Amino acid sequence: GGIITQTPKFLIGQEGQKLTLKCQQNFNHDTMYWYRQDSGKGLRLIYYSITENDLQKGDLSEGYDASREKKSSFSLTVTSAQKNEMAVFLCASSISGDQDTQYFGPGTRLLVL
Amino acid sequence: QQKVQQSPESLTVSEGAMASLNCTFSDRSSDNFRWYRQHSGKGLEVLVSIFSDGEKEEGSFTAHLNRASLHVFLHIREPQPSDSALYLCAVRDTNAYKVIFGKGTHLHVLP
């Protein structure tokens, strides 16, 4: 088995601040994903990465940057936090992209004051 | 792009009574469907994957796929209070790397 670790668990930021979320997986999976989960809206894909140094935009990429520094890690940056923003950011990984189950981390909970 | 809807938004059942959750999708060309569960404050846990019409059982969870009617159901046999959670339907999009999630059904199991 493996595990996905997300840091930090909770993130409180200020309006306009640049905030970075980190994700590590030890499954040795090729593909990694970042999703945003808002109450009542389900999960929306922000970025995904098929392999190290690859980046693909999802449906919600505006306002975010991502970086796949190595196979095991995938980071997400909120380029300018929006006031009163509150959401959960979930990282996932899969062996490859096609057909395979995505395994999820516990999430980072963001609150912008 | 696939559109995925789940019903009901919230479901309350008594411990031991069968719980049935519904998921509808818009494009029957997909052959990759999963049900996930999310306990409050936690990540998603995969329950059952199904890739062809019919049923697939994993423990107390049974998925039933009917692509002709654009439905995939999840049946939970003898649910316990610990099964109270948000249940999410996930459908693979025509872009193989993208998965479209429904908004979820909140299941409450009363002791």
Side-chain angles (χ1 to χ4, degrees), chain A residues 1-7 9-10 21 23-25 27 29-51 54-61 68 74 87-109, chain B residues 1-10 21-26 29-52 56 58-59 61 63 65 72 74 85-106:
Chain A
I3 192 168
I4 296 179
T5 305
Q6 291 188 238
T7 54
K9 288 185 180 176
F10 298 96
L21 292 66
C23 177
Q24 296 267 351
Q25 53 97 0
F27 287 101
H29 285 169
D30 288 317
T31 308
M32 295 185 75
Y33 310 79
W34 276 107
Y35 289 92
R36 176 180 166 125
Q37 185 178 27
D38 293 272
S39 179
K41 290 187 178 177
L43 273 70
R44 291 179 288 172
L45 182 64
I46 306 172
Y47 270 99
Y48 64 101
S49 169
I50 298 169
T51 187
D54 175 74
L55 279 179
Q56 306 286 336
K57 291 184 178 181
D59 299 320
L60 204 66
S61 60
R68 183 85 182 270
F74 192 29
V88 177
F89 292 85
L90 293 166
C91 175
S93 71
S94 62
I95 296 174
S96 66
D98 190 21
Q99 308 301 325
D100 292 307
T101 300
Q102 293 182 15
Y103 294 90
F104 284 79
T108 291
R109 281 144 187 83
Chain B
Q1 177 168 290
Q2 277 280 5
K3 290 183 172 33
V4 178
Q5 294 187 309
Q6 291 185 240
S7 62
E9 284 188 26
S10 181
L21 286 61
N22 181 29
C23 175
T24 61
F25 50 95
S26 59
S29 66
S30 179
D31 59 359
N32 190 307
F33 303 82
R34 288 187 172 91
W35 282 95
Y36 287 87
R37 176 171 71 181
Q38 185 181 32
H39 284 105
S40 182
K42 305 293 185 185
L44 276 65
E45 167 195 7
V46 61
L47 299 174
V48 57
S49 305
I50 186 165
F51 308 124
S52 58
K56 175 80 177 296
E58 295 283 355
F61 303 102
L65 174 63
V72 55
L74 178 69
L86 178 68
Y87 287 77
L88 293 159
C89 172
V91 180
R92 182 73 68 175
D93 194 38
T94 48
N95 173 338
Y97 290 95
K98 289 181 68 175
V99 172
I100 309 301
F101 286 83
K103 294 180 182 180
T105 292
H106 289 273

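As the structure is a computational prediction, the values presented were derived from the model and not from experiment. Each chain gets a letter, A, B and so on, in the order the sequences are listed, and its residues count up from 1.
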Of the backbone (N, CA, C, O) and the side chain (C-beta and beyond), which part of B/Q1 lies under 4.5 Å from a heavy atom of chain A, both, or neither? side chain
If you measure only the distance, is there a donor-acceptor pair under 3.5 Å linking the side chains of A/Q102 and A/Y35? yes
Rounded to the nearest 0.5 Å, how far apart are CH2 of B/W35 and CG of B/L21? 5.0 Å
Which portion of B/Q38 sits near chain A, non-hydrogen atoms under 4.5 angstrom: side chain
Closest-packed option against chain B by number of heavy-atom pairs under 4.5 Å, given A/V88, A/D38, A/L43: A/L43
Side chain / backbone / both / neither for B/L88 at chain A, heavy atoms under 4.5 Å: side chain
Between CG on residue A/L90 and CZ on residue A/R109, distance to nearest 0.5 Å: 7.5 Å
Which bit of A/Q6 comes within less than 4.5 Å of chain B, counting heavy atoms only: side chain, backbone, both or neither? neither
CZ-CZ distance between B/R34 and B/F51, expressed to the nearest 0.5 angstrom: 4.5 Å
Using a cut-off of under 4.5 Å on heavy-atom pairs, state which of B/A90, B/G41, B/G102 scores highest against chain A. B/G41
Select, from A/S39, A/P106, A/G42, the one with the greatest count of heavy-atom pairs under 4.5 Å involving chain B. A/P106
Roughly how far, to the nearest 0.5 Å, is OH of A/Y47 from CZ of A/R68? 15.0 Å
Proximal component of B/V99, with respect to chain A [non-hydrogen, under 4.5 Å]: both
Distance from A/L45 atom CG to A/S61 atom OG, nearest 0.5 Å? 9.0 Å
